[in-house]
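Since the structure comes first, as structure tokens, the remarks are kept for the end.
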Amino acid sequence: MNVAIKPEPSGGQAAARRHFSDINVMVAGQGGDGSLTIASLLSALFAHRGFHLYSTSNIASRIKGGHAAAYLRASVKPSGCMGDVIDLLVAFDDEAVEIAAPAMAPDGIVVFDSSKGPPPTGVLADTIRVFEIPIGRLAVRDLRRDLLKNCIGFGVVTRILGIDDKDAEGSLRHRFRRIPEAAMETNIDAFRLGLANADENGLPAGDSPWTVDEGGREEHLMISGNEAFSFGFLVAGGRFYAGYPITPATEILTWLERRLPQFGGIAMQAEDELSAINLAIGAAMTGVRAMAGSSGPGFVLMQEGVSQLGSAEIPLVVVDCQRAGPSTGMPTKVEQNDIGTMISGDYPRVVLAPADQGDCFEMSIFATNLAQRIQGPVIAALDRALSQDSTTVKPFDLSGVELDTGKRLTPDEIAGLKEYRRYLITDDGVSPWAVPGTPGGENLVTGNERNEWGLVSAEPKNRKRMVEKRARKIESVRGDLPKGKRWGDADAAIGLLGFGTVGAVMERAAERLAKAGVEVQILQPRTLWPVLDETVEFIRARRRVYVIEHNAIGQLAHLVSGGGAPKERMVSILKFDGTPFRAVDLVDFILEQEASL
Amino acid sequence: MNVAIKPEPSGGQAAARRHFSDINVMVAGQGGDGSLTIASLLSALFAHRGFHLYSTSNIASRIKGGHAAAYLRASVKPSGCMGDVIDLLVAFDDEAVEIAAPAMAPDGIVVFDSSKGPPPTGVLADTIRVFEIPIGRLAVRDLRRDLLKNCIGFGVVTRILGIDDKDAEGSLRHRFRRIPEAAMETNIDAFRLGLANADENGLPAGDSPWTVDEGGREEHLMISGNEAFSFGFLVAGGRFYAGYPITPATEILTWLERRLPQFGGIAMQAEDELSAINLAIGAAMTGVRAMAGSSGPGFVLMQEGVSQLGSAEIPLVVVDCQRAGPSTGMPTKVEQNDIGTMISGDYPRVVLAPADQGDCFEMSIFATNLAQRIQGPVIAALDRALSQDSTTVKPFDLSGVELDTGKRLTPDEIAGLKEYRRYLITDDGVSPWAVPGTPGGENLVTGNERNEWGLVSAEPKNRKRMVEKRARKIESVRGDLPKGKRWGDADAAIGLLGFGTVGAVMERAAERLAKAGVEVQILQPRTLWPVLDETVEFIRARRRVYVIEHNAIGQLAHLVSGGGAPKERMVSILKFDGTPFRAVDLVDFILEQEASL
Amino acid sequence: MTKTYTPAEPIWCAGCGDFGVQGAIEGAIAQLAIPKHDIIIMAGIGCSGTLQNNVGTYGYHALHGRVLPTSTGVAYANPELTVIAVGGDGDAFAIGAGHFIHTVKRNPNFVYIVMNNSVYGLTKGQDSPTMDAGAAHGIDATRLALSIPGASFIARGFSRWSRQLQELTVAAMEHVRAGRGFAFLEVLSPCVTYHDTYVTWEGMLENLDDDPTYDPTDLAAAFARGVALEAQGRMPAGVIFRSDGGAGRKIPPAMALQDIDPARHIDRYNDIMSSYAV
Amino acid sequence: MTKTYTPAEPIWCAGCGDFGVQGAIEGAIAQLAIPKHDIIIMAGIGCSGTLQNNVGTYGYHALHGRVLPTSTGVAYANPELTVIAVGGDGDAFAIGAGHFIHTVKRNPNFVYIVMNNSVYGLTKGQDSPTMDAGAAHGIDATRLALSIPGASFIARGFSRWSRQLQELTVAAMEHVRAGRGFAFLEVLSPCVTYHDTYVTWEGMLENLDDDPTYDPTDLAAAFARGVALEAQGRMPAGVIFRSDGGAGRKIPPAMALQDIDPARHIDRYNDIMSSYAV
Ligand SMILES: Cc1ncc(C[n+]2csc(CCOP(=O)(O)OP(=O)(O)O)c2C)c(N)n1
Ligand SMILES: Cc1ncc(C[n+]2csc(CCOP(=O)(O)OP(=O)(O)O)c2C)c(N)n1
Ligand code: SF4
Ligand code: SF4
Ligand SMILES: [Mg+2]
Ligand SMILES: [Mg+2]
């Protein structure tokens, strides 16, 4: 990696030329316009240039057609989220311009496909420069293929960014290296057509309005949370997955359907989520490391299964890629609104919240091991953005991965026992586990209350002992549960608290708050349940803590108050309109609050 | 009512004779031994005598046979729960004695069926008097019917209690007034056989070990929470119910299956709980007042439906008769462990907790009206004891019942409108409602986010407005939500907090705490969600509040902390062994705590 | 006249089979001249589950897989309404499979039109339970329905055969409006984006409506015909089975239209209360 | 030998049909001489769902209605085990109806014995979906199974006919152990407490195993026979349908027994990681 593409020495318009080390691009149009492809070509270009990347998309709930937008942030420093404004917009229709306009940087640039006419007037600020290029018409008229809009558009954009034509072409060739030669040349022709049109439209080679930096990052992975989580599960020895298609969790099913069979495993598409979690429970009972996954409406259906795991003491990872609810809600929109559901029910479990895409890998391994250790449910709380958005992360340390089988007994160990009781009362609450097939380990597993042998019993003393035994399992691992990520001034009187996808935005906001004179410390908990002391202490130790979350009722604030943190110190910042927080939102709100206090 | 049965003037053994104004009886044996019948005959006797009653039972999880026990408390003052000890035990087998022994009053009496031999030795305290009567043998030998054990046993017991034989017979005849004459006489013969054997075994007429008071209460109803709740729903105009058999909610289904058709309604046994709540949703959409009900494992399956109600804005009462969990748990045991589930999910709802059996009637009416007002889910939190235990309550005021149809539009009102929007944004959050079939009111109802017309929309501004609109519905009724019941010293620094079935036990405990010099105030909240200010204030205003609940993790404490009450003021008293709190448990614990502080 | 929502433009891909289904429903409503306010279209979740937005009747968007119990609730509570449930094959035969069986058994008065495309369109093309995957055959829902006692109307249409599709829709609606019970109409409605089957399916269909020897009241024969056609790589279309649905069976009254004023019922309420008196 | 749990005494009412089922299972295990530790009995919730406690094998008590997916998970993850799922008719055909269809379709290698008593025994006698209520017939699960592609073994026994019941149980277990797929055995198992049907059912049964002309591989004929018998107020017993279940189809490997040490797979894991490199 890290091939430097030298920016051209700047030509005319030097005064207006901006140099970017952090740029936000949006490409939008009707679904099928190839927006996603242009974004991914740009992605490859910036990756080549050593930038850190973050990419997301926004697809309307129409089925085909309908507005589709792809976003890309490329920055020299890692960002972990989109920026506050859009610097460059490639728009294939009026709607794209209208949607983007409020978020456009005042000195931004728009490339507009003018095949059907000029862009809408009065929408964009005057300071924004617009290049009108009939991209669609060119593709159809000159190349007879509408699809080639993407390479034409790419060509134009490289001229705006001041990328050397050869370097751009190199990146394109690299990106398409696996397609047939003829197809490659067609794409290159389209790219060149884009360049030619750029020439004619005020974007000559060597005289670009903008230039971009060199990144210089080491080799990274560009990966989404769902991919990283799936990969972690595989590496942690996960061999069975069951799910049911649902946005935004489907990619986990797809990923594992492709990969697990290569390792002797299986990923099943169940008839519904009730079935999915019970399929996984069945596999888990045999000792196979298993997982079930879904999103809001399906996760709620999995609750009966989760309580069975808690009661019957079966290890399973359950991943919930949260989306905007309630009910069917807004399937493609971000929210963090299942926390209440994740912690409901009177049984022990652990709820983990990966901090970012890279952490999804680590946490998946941790969750898979932990489920074996506590012989119970471990829930992983992802969210739409963390699940589906891709970003550059450090390569994973595969050689460091270790498996923990907890108290699973080998056949020899069982043979050496005088007596075996599946639900033996132990100090750490975990009972030695014999899986079916082992001679001498015959046992009864049930979701009813039962005695040490697994025979159903409602005897009060036994009941009490069993509830307490199960509770001890969590206490025995509490010290090992993932601590949160912290940034900022450890002594700051003001704190920011938020999990998952909110983390990077808090980090960006903190930098700016510090500049504005408000020092803060950030805690991004990675264990939501049990509520760790560090979280309660974090709040107790501060004058005021802003609890930042994507839901309407402040579920995280509710959770940590229940865990003992003083509610009166907390100020909720809630966003539930389906769009992600921007750093600027947090900064503005907090500065205003702090000024008024 | 209120027919006084004069106690006989006392004969010999006057010194040992105890006089009861509050007595606890347990009748136990193998299922089929008729324990439940003896208890119900005694119930009739005490009712006749003007006592307040509380009755419960405990049936082992064996299917037929297995231990079965019936409990009855009869008291001159209303009790609302069982007492701490058992005064009188009628035992049909050794197991009954073994189970009862730890709870027997030191000066208690046991009537033991000695057909198969003497009672187990070394189990009962020496101070307890035991009358051995071969009840089973008598029934079979003299009357050729094992079933008649119940009337024989009843006869013996009346002699212990010093009830005049004629009065006892009168009560028996009243109780059996609807059975055929011949059967009646067989029962009376058995009763007399019991008396005759009492004569021979140290229990002659006119010389009873105990005497009982006269009650003097007004006419009451003897009713369980499930019956009262079902009845309230009917009276509130409820006409559609759907459920699926599950302990301890089945009685609601059974009750409504019998009664609703008489009023043109219908109660449906669905294929599962998912179907049940959606059947009810369908009915509710047409404007019919509807309800769905279940217990723990089924209630969890209903969650997707509840979120649909919240999202799509459909009025429905959902009743959850909680039982011991997690998962299948202990179906016949009391617990209050679904609170977390009831409040989970990011949508507005109200959760009500009836205070006692009588309140079940009132709260059912309130819930049915409230659902119409807020056009959304109203959850009623019952529990095994409240649901199934019967007690004497004041007759209901039927003439005072009023229906509230909220913003439901009549066809005329719709015809008078210029424009109709199902999800019109309004100040109180409630949108006028046109039910299908009304010309001009055509509308789209959906669990997705949508605009005012019901068309699916994920547009951020619209989304925000819609979430806020829905939230306002709760704010607009907050002031009308049922306040909690309070007892005790309003200025006390110590508080007791608990809901549902815990109420009466707290009341009994408070009386004794006061005697021991610890003044407390009790709050029994009847609205769990939203957390009312009165609850938060109650805790804020006290030095220490004991939060008393039937679950393992302190869900009520968690809930009210989330609502803003300071957690450090709360001390949890949790019971999760399946048996109900006894006043003595609370008194002992609290006195010890208070002494140590 | 009160102004209310403007029916939406369909959001389906050009060429989607669901257009044909919407056309047939609109045609049938017009043909039977039912006022729009007396109709409610109950929809599942899926591409197919957007049809209710486009017609101008009352509409409901159920939870995924729960359109049948919800529709049953509506139909029982207000039998004056014409209830048309619509949805996809995933909705119907995956997550909703249990409800399907029980609805056929219960035989409530409403129409159920399943737009079968053998995929989960909305979630981007996964196989649904009706997909033939290699040697393994998908579920034939008409045969499934035949196996359930209570079945009263079972038919299959093809979204490209619009004349017959409208006829079948009308027949289903008439069945329901005559109180004969549940009318199940499966429509082969190809998904051009993920599984374009117009040609294959058209080639496989045998139209029973064209076969004068076919007796749709013979349950065993209907089943046998399906099995025989399957062995030839074919499948039946048209009215596959019909019975009188126990016509004349007790239909619950229109609860939605009842007077529930407690004053009207106070005597009977009092009777109930006194049964608890002690 | 390690001491483990002592099998429980059955808790069924005296005379309950479920005793016969337990006897047949124990007999079949003995006949096939399968070690107890290689067997897992997976049970539903209900009276029937206590059988697993009484036999001495591995046992599992599922969530109500979910015994089929759970058993499928077990059977896929560890094909070395002999998996016997048992449960009630409520469990199977009410709350579990959807899973039943999909399990027949998936055809995993395990036995499923449904103790059909037409009631919910444990919750005190409500009608289950198989109850004939007046004119309305209950679901005939063998016919339901016939309607699903993938069905490979469908039989019905009667808990009082113990010899045949054990034969059927053995046949089901052999089907499964030969990798032919899902063996569904419905046992008419009367509930003496809430719905005592020993006499009625015995009178209704026609034992197909005694009919040399009956061909259990003919799907349409099997269905037709059920319909014809029903019209006479009767029902079939014995092996109703069997196919080779696509014998030889790929059975997933025994994941439970695999080596998942990451070191063993590190090269392939690295390959996957490099596909994300930028
Ligand atoms: C409980 C739940 N699980 C999953 C989903 C995601 N989901 C939406 S539509 C759909 C399937 C659609 O397939 P089908 O019913 O065949 O409709 P089509 O789109 O093909 O018309 C799924 C799985 C959901 N909305 N709810
Ligand atoms: C989700 C859920 N709903 C309801 C119940 C209550 N329940 C326990 S057993 C049972 C039905 C038992 O009937 P069946 O399956 O026929 O078994 P049987 O007792 O007749 O053998 C029900 C409804 C439950 N345990 N879980
Ligand atoms: S994806 Fe398929 S089913 Fe959905 S609208 Fe497009 S063609 Fe129709
Ligand atoms: S209640 Fe019925 S099914 Fe249950 S054990 Fe008794 S006889 Fe058997
Ligand atoms: Mg489909
Ligand atoms: Mg049963």
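Letters A, B, ... are given to chains in the order of the sequence lines, protein chains preceding strands, and every chain is numbered from 1. Keep in mind that this is a model prediction, so the values were computed, not measured.
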[X] versus [Y]: any side-chain heavy-atom pair under 4.5 Å?
X: D:P262; Y: A:L403; answer: yes
X: D:T4; Y: A:E419; answer: no
X: D:H61; Y: A:L444; answer: no
X: D:T57; Y: A:E442; answer: no
X: D:M255; Y: A:L260; answer: no

With rounding to the nearest 0.5 angstrom, report the [atom1] to [atom2] distance, [X] to [Y].
X: A:W453; Y: D:K3; atom1: CH2; atom2: NZ; value: 6.5 Å
X: D:M42; Y: A:N278; atom1: CE; atom2: CG; value: 9.0 Å
X: D:R106; Y: A:S275; atom1: CZ; atom2: OG; value: 5.0 Å
X: A:D397; Y: D:M273; atom1: CG; atom2: CE; value: 8.5 Å
X: D:N78; Y: A:F240; atom1: CG; atom2: CZ; value: 12.5 Å
X: A:N443; Y: D:I40; atom1: CG; atom2: CD1; value: 7.5 Å

Quick check against the 3.5 Å criterion: does [X] have a side-chain atom that pairs as donor or acceptor with the backbone of [Y]?
X: D:R268; Y: A:Q262; result: yes
X: D:Y58; Y: A:V435; result: yes
X: D:Y60; Y: A:M285; result: no
X: D:Q258; Y: A:G264; result: yes
X: D:T2; Y: A:K418; result: no

Taking every non-hydrogen pair under 4.5 Å, which of [options] racks up the most with chain D?
options: A:S311, A:G447, A:G441, A:P261; value: A:G441
options: A:I281, A:I277, A:L398; value: A:L398
options: A:N451, A:L53, A:L417, A:T438; value: A:T438
options: A:A44, A:P439, A:G287, A:G237; value: A:P439
options: A:E304, A:M268, A:R421; value: A:E304
options: A:D272, A:T446, A:V445; value: A:V445

Side chain, backbone, both or neither of [X] within contact of chain D (heavy atoms, under 4.5 Å):
X: A:R259; answer: side chain
X: A:F396; answer: both
X: A:F263; answer: both
X: A:R289; answer: side chain
X: A:A290; answer: neither
X: A:I266; answer: both
X: A:I314; answer: side chain

[X] versus [Y], closest heavy-atom pair with distance:
X: D:A8; Y: A:L455; value: CB-CD2, 3.7 Å
X: A:R408; Y: D:A256; value: NH2-O, 4.3 Å
X: A:W255; Y: D:I272; value: CZ2-CG2, 3.7 Å
X: A:V288; Y: D:A77; value: CG2-CB, 3.8 Å
X: D:Y269; Y: A:F231; value: O-CZ, 3.3 Å

Most contacts with chain A, counted as non-hydrogen pairs under 4.5 angstrom, among D:V67, D:L81, D:T6, D:L68: D:L81

- prompt: Just checking heavy atoms, which of residues 142-150 of chain D are less than 4.5 Å from chain A?
  reply: none

message: If I measure from the heavy atoms of chain A, does D:A254 come under 4.5 Å with its side chain, its backbone, both, or neither?
response: neither

query: Looking at D:Y5 versus A:Y423, is the centre-to-centre ring distance below 6.0 Å?
result: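 They do not qualify: ring centres at least 6.0 Å apart.
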
task: Sort out for me which residue in A:E227, A:H220, A:M222 forms a side-chain contact (heavy atoms from CB on, under 4.5 Å) with D:Y276.
output: A:E227

Less than 3.5 Å apart, which donor and acceptor atoms pair up between the side chains of residues 24-32 of chain D and the rest of the protein, not counting sequence neighbours?
residue : atom : partner : partner atom : Å
D:E26   : OE2  : D:Q22   : NE2          : 3.3
D:Q31   : OE1  : D:Q166  : NE2          : 2.9

